[in-house]
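Structure record follows, encoded as structure tokens.
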Amino acid sequence: AIYMTYGNSYPVDVAYFPDRLIEANRNDTIITAVAVAPSGEIMGTESMRRDNPDGKIFESGMAAVIPKFRRQQIPKRLAEVLWKELLKRGCVGMVASTVTSHPFSQKLAAAGGFHEIGLLIGYTPRLDFKGMQTLNKQRESTAQWAQDFIGGWEVEVYPPAAHHDMIELLLKRLKWRFSLGKAQPSQEAGVFHWKAYPAFRSFHVVFDRIGPESWEGLRALIHDCDRQGFEYSHIEMPLSDPGLPGLVACLSQAGYFFAQVGIGTGHGDATLTVQRLFGTTVDLDELALESSNHRELRDYIKSTAPVLALE
């Protein structure tokens, strides 16, 4: 179903390997629902995934409906099946990404109770949608969403001054109760991990803890990936870390700009993500954004991103 919908352009490689997808369902890191016609033909599919079998934050994705079966509410019916499975596993929250070359998946996310939390600009190479006319000729950007199932986190945060108002707005949209932290940055060594996606010319970094040497190690990684021809990067950091404002200031100087406030899928903490484009541009006015909140985020990014990063 993924290939018949996206061709070879879908950015999650496990979707193309049935054996790997089956194994992930067996170990309970992915839950997949499949719609099957009376004839036995596959109509569509959708999956939810988490970082480990005990994780309580799931990411919605790998949704596809074969072109000839569209307009039969298949995504809605698949989501209903998956929702029951999530409840069995004690899910406390979900995150989702929807493409911006068309508004259809955004409408489904909004109808499903998700809140708008960000935009990843140029996140993947251009996606091809079989049987669907889109005008997108640039790297695909995604609208980011989150949903809280427990009635609001209570979080202590250290928002960088440059993005303070936007972070506060997004936390309020999620109905999270938050207070401004007063602790000093940790002197312990920082901890981060990263993964490269060569086929998509991108790399992603996730911080568990920010330390005094974090910027030096991160700067070397960014420089190396830039030399290798990567076009997109994002860096996710805990909002509860007192070292966050200092690291974001360094990243801003290196061309990184606001991406999203979200739920860390590994630990459920409130997170801030910043992003950067390398040697490529994205015209933000070309994004098909259904929600006024996402359009507000687009305008915020346009007003705060480095001039050379975006058209």
> Going by an N to O cut-off under 4.0 Å, is there a salt bridge joining E168 and R173?
Replying inline: no
> Are L119 and R298 close enough, and set up right, to give a side-chain contact (heavy atoms from CB on, under 4.5 Å), and what steps lead you there?
Replying inline: CA-CA 7 Å; L119 292 169; R298 175 200 60 197; 3.8 Å; yes
>> For E213 and R219: C-alpha separation, side-chain torsions, deciding distance, then whether salt bridge (Lys or Arg N to Asp or Glu O under 4.0 Å) applies.
In response: CA-CA 10 Å; E213 83 303 333; R219 180 168 61 179; over 6 Å; no
> Are more than 12 heavy atoms from other residues, nucleotides or ligands located less than 6.0 Å from atom CD of Q73?
Replying inline: no
>> Using side-chain heavy atoms (C-beta onward) and a distance below 4.5 Å, is P159 in contact with H164?
In response: yes
>> Run V99 and S105 through side-chain contact (heavy atoms from CB on, under 4.5 Å) and show every step you take.
In response: CA-CA 7 Å; V99 298; S105 54; 3.9 Å; yes
> Do Y158 and L170 share a hydrophobic cluster (ILVMFWY, side-chain heavy atoms under 4.5 Å, transitive)?
Replying inline: no
> Quick one: salt bridge (Lys or Arg N to Asp or Glu O under 4.0 Å) pairs with a partner in residues 72-83, sequence neighbours left out?
Replying inline: none
> Angle class for the Y232/Y123 ring planes (parallel below 30°, perpendicular above 60°, tilted otherwise)?
Replying inline: perpendicular
> Mind checking whether P160 and L244 have side chains closer than 4.5 Å, heavy atoms only?
Replying inline: yes
>> Check for me, please, whether F207 and V191 land in the same ILVMFWY cluster - side-chain distances under 4.5 Å, paths through other members count.
In response: no
> CD1 of I117 to CG of L297: how many Å apart, nearest 0.5 Å?
Replying inline: 9.5 Å
>> Same cluster or not: M48 versus W83, using hydrophobic residues (I, L, V, M, F, W, Y) connected whenever any side-chain heavy atoms lie under 4.5 Å apart?
In response: yes
>> Are Q138 and L287 packed together at the side-chain level, in the sense that at least one heavy-atom pair is separated by less than 4.5 angstrom?
In response: yes
>> Evaluate E46 against S60 for side chain to side chain donor-acceptor pair (under 3.5 Å), listing each step before the verdict.
In response: CA-CA 8 Å; E46 184 175 354; S60 174; 3.2 Å; yes
> Shortest non-hydrogen contact from P212 to S186?
Replying inline: CD-O, 3.5 Å
> Can you check whether S141 reaches L120 side chain to side chain, under 4.5 Å on heavy atoms?
Replying inline: no
> Considering residues at least two apart in sequence or located in another chain, which fulfil the salt bridge (Lys or Arg N to Asp or Glu O under 4.0 Å) criterion with R201?
Replying inline: E231
> Hey, mind stepping through Y300 and F258 against ring pair (Phe, Tyr, Trp, His ring centres under 6.0 Å) and telling me if it holds?
Replying inline: CA-CA 9 Å; Y300 176 75; F258 185 87; 5.5 Å; yes
> If you look only at pairs with a residue in residues 89-99, which of them pass as a side chain to side chain donor-acceptor pair (under 3.5 Å), with sequence neighbours excluded?
Replying inline: D28-R89, E85-R89, S97-Q144, T98-W145
> Taking atom CD1 of I57 and atom CG of D148, what is their separation to the nearest 0.5 Å?
Replying inline: 8.0 Å
> Linking I/L/V/M/F/W/Y whenever their side-chain heavy atoms sit closer than 4.5 Å, directly or via other members, would V248 and V261 fall into one cluster?
Replying inline: yes
> How are the rings of Y256 and F278 set to each other: parallel, tilted or perpendicular (split at 30° and 60°)?
Replying inline: perpendicular
> Residues two or more places apart in sequence or in another chain: which of them pass salt bridge (Lys or Arg N to Asp or Glu O under 4.0 Å) with R71?
Replying inline: none
> How many angstroms lie between CD in E116 and CG in L169, if you round to the nearest 0.5 Å?
Replying inline: 10.0 Å
> How far does CZ of F257 sit from OG1 of T304, to the nearest 0.5 angstrom?
Replying inline: 8.5 Å
> Between M94 and L86, does a side-chain contact (heavy atoms from CB on, under 4.5 Å) hold up when you go through it step by step?
Replying inline: CA-CA 10 Å; M94 285 181 60; L86 295 184; 3.3 Å; yes
> Do you know the tightest heavy-atom contact between C91 and F58?
Replying inline: SG-CD1, 3.7 Å
> Which residues satisfy the side-chain hydrogen bond (donor to acceptor under 3.5 Å, both in side chains) test with D224, sequence neighbours excluded?
Replying inline: R227, Q228
>> I'd like to know if E140 and R126 make a salt bridge, using a cut-off of under 4.0 Å between side-chain N and carboxylate O.
In response: no
> Is a donor on one side and an acceptor on the other found under 3.5 Å between the side chain of N25 and the backbone of T32?
Replying inline: yes
> Does the R276 side chain pair with the main chain of A254, one donor and one acceptor, at a distance under 3.5 Å?
Replying inline: yes
>> Donor-acceptor pair, distance only, cut-off 3.5 Å: does the side chain of R295 make one with the backbone of E290?
In response: yes
> With side chains defined as the heavy atoms from C-beta onward, is the minimum distance between S233 and I222 less than 4.5 Å?
Replying inline: no
>> Contact between H204 and W194 at the side-chain level, heavy atoms closer than 4.5 Å - yes or no?
In response: no
> Are the side chains of I301 and L284 in touch, meaning some heavy atoms are under 4.5 Å apart?
Replying inline: yes
> Taking D241 for the side chain and M237 for the main chain, is one N or O donor matched with an acceptor at less than 3.5 Å?
Replying inline: no
> Looking only at heavy atoms, which two atoms of P75 and L108 are closest? And how far apart?
Replying inline: CB-CD1, 3.5 Å
> Ignoring hydrogens and geometry, is there a side-chain-to-backbone donor-acceptor pair from S179 to E156 under 3.5 Å?
Replying inline: no
>> List the residues meeting side-chain contact (heavy atoms from CB on, under 4.5 Å) with D285, not counting sequence neighbours, and say none if there are none.
In response: D283, K302
>> With a 4.5 Å cut-off on side-chain heavy atoms, are H193 and D208 touching?
In response: yes
>> Looking at R209 and E188, would you say the former's side chain and the latter's main chain have a donor-acceptor pair under 3.5 Å?
In response: no
> What pair of heavy atoms forms the shortest contact from G122 to L277, and how long is it?
Replying inline: CA-CD2, 4.2 Å
> Which atom names give the shortest non-hydrogen contact between V205 and F192, and what distance separates them?
Replying inline: CG1-CD1, 3.7 Å
> Minimum heavy-atom separation for H294 to A143, with atom names?
Replying inline: CE1-CB, 3.4 Å
>> How long is the straight-line distance from CD1 of I263 back to CD of Q260, given to the nearest 0.5 Å?
In response: 10.0 Å
>> Under the criterion side-chain contact (heavy atoms from CB on, under 4.5 Å), I'd like the reasoning laid out for L239 against V155: C-alpha separation, chi angles, the key distance, then a yes or no.
In response: CA-CA 9 Å; L239 265 170; V155 293; over 6 Å; no
> Between atom NE2 of H234 and atom CD of E236, what is the distance when rounded to the nearest 0.5 Å?
Replying inline: 6.5 Å
